[in-house]
Amino acid sequence: MLERSDATPHRPGDPDLLGDPLIDVEPGARATPAAGALARLILGASIVLISLNLRPVFSSLAALLPEVMRGTGASPATASLMTTLPVLCLGLFSPLAPKLAQRLGAERIVLGCLLVLAAGT
């Protein structure tokens, strides 16, 4: 008999929780396979759509860079730093994403990031 991590034994007829880990589930929670698959599909589709929305945010500064440099008096080095900083932050903060998603839930983290992005944009 298999033992789950919370020491609840696996009974015949129960869904196999060890073979199919779900995203953002509380320990001991059970989901029907259809609901779990639908939830994963919706979460995956939302992440893809959000990533497509992020493209203009990262590339829009390059089109406006000459005007930004004239308006702020920024040097070429400062301008290149402005275009590099968002990508650098993505790399620096990406190790925190799995830990935050595990602690607070993937959906909450995605929503929070969208709110921060909307406020910054």
Side-chain angles (χ1 to χ4, degrees):
M1 188 171 356
L2 295 173
E3 294 284 324
R4 290 194 347 223
S5 61
D6 62 354
T8 304
H10 180 76
R11 293 181 291 271
D14 284 349
D16 183 14
L17 296 178
L18 297 174
D20 187 23
L22 298 175
I23 297 173
D24 193 24
V25 228
E26 307 244 345
R30 297 175 195 258
T32 62
L38 181 62
R40 284 185 290 213
L41 181 67
I42 291 172
L43 180 62
S46 65
I47 289 174
V48 168
L49 290 173
I50 289 166
S51 68
L52 291 174
N53 262 341
L54 290 177
R55 299 290 294 161
V57 171
F58 290 123
S59 61
S60 61
L61 181 61
L64 300 173
L65 199 56
E67 291 179 34
V68 170
M69 288 176 65
R70 271 193 305 274
T72 61
S75 68
T78 304
S80 67
L81 182 63
M82 281 191 284
T83 59
T84 305
L85 201 57
V87 178
L88 184 65
C89 286
L90 281 175
L92 289 175
F93 294 121
S94 64
L96 298 174
K99 294 174 186 169
L100 285 173
Q102 184 178 19
R103 184 173 199 165
L104 301 173
E107 291 87 358
R108 288 182 183 139
I109 295 300
V110 169
L111 177 64
C113 290
L114 281 175
L115 293 174
V116 168
L117 183 64
T121 305

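Throughout, numbering of the chain's residues begins at 1 and tracks the sequence.
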Please find the pair of heavy atoms, one from [X] and one from [Y], that lie closest to each other, and give the distance.
| X | Y | answer |
| --- | --- | --- |
| Leu61 | Met82 | CD2-O, 3.7 Å |
| Ser80 | Ala77 | OG-O, 2.8 Å |
| Leu65 | Ala79 | CD1-CB, 3.9 Å |
| Ala106 | Leu43 | CB-CD2, 4.1 Å |
| Ser94 | Gly91 | OG-O, 3.1 Å |

Q. Between atom CD1 of Ile42 and atom CG of Leu49, what is the distance when rounded to the nearest 0.5 Å?
A. 11.5 Å
Q: Would you mind telling me which of Leu115, Leu111, Val116, Ile109 makes a side chain to side chain contact (heavy atoms under 4.5 Å, CB included) with Cys113?
A: Ile109
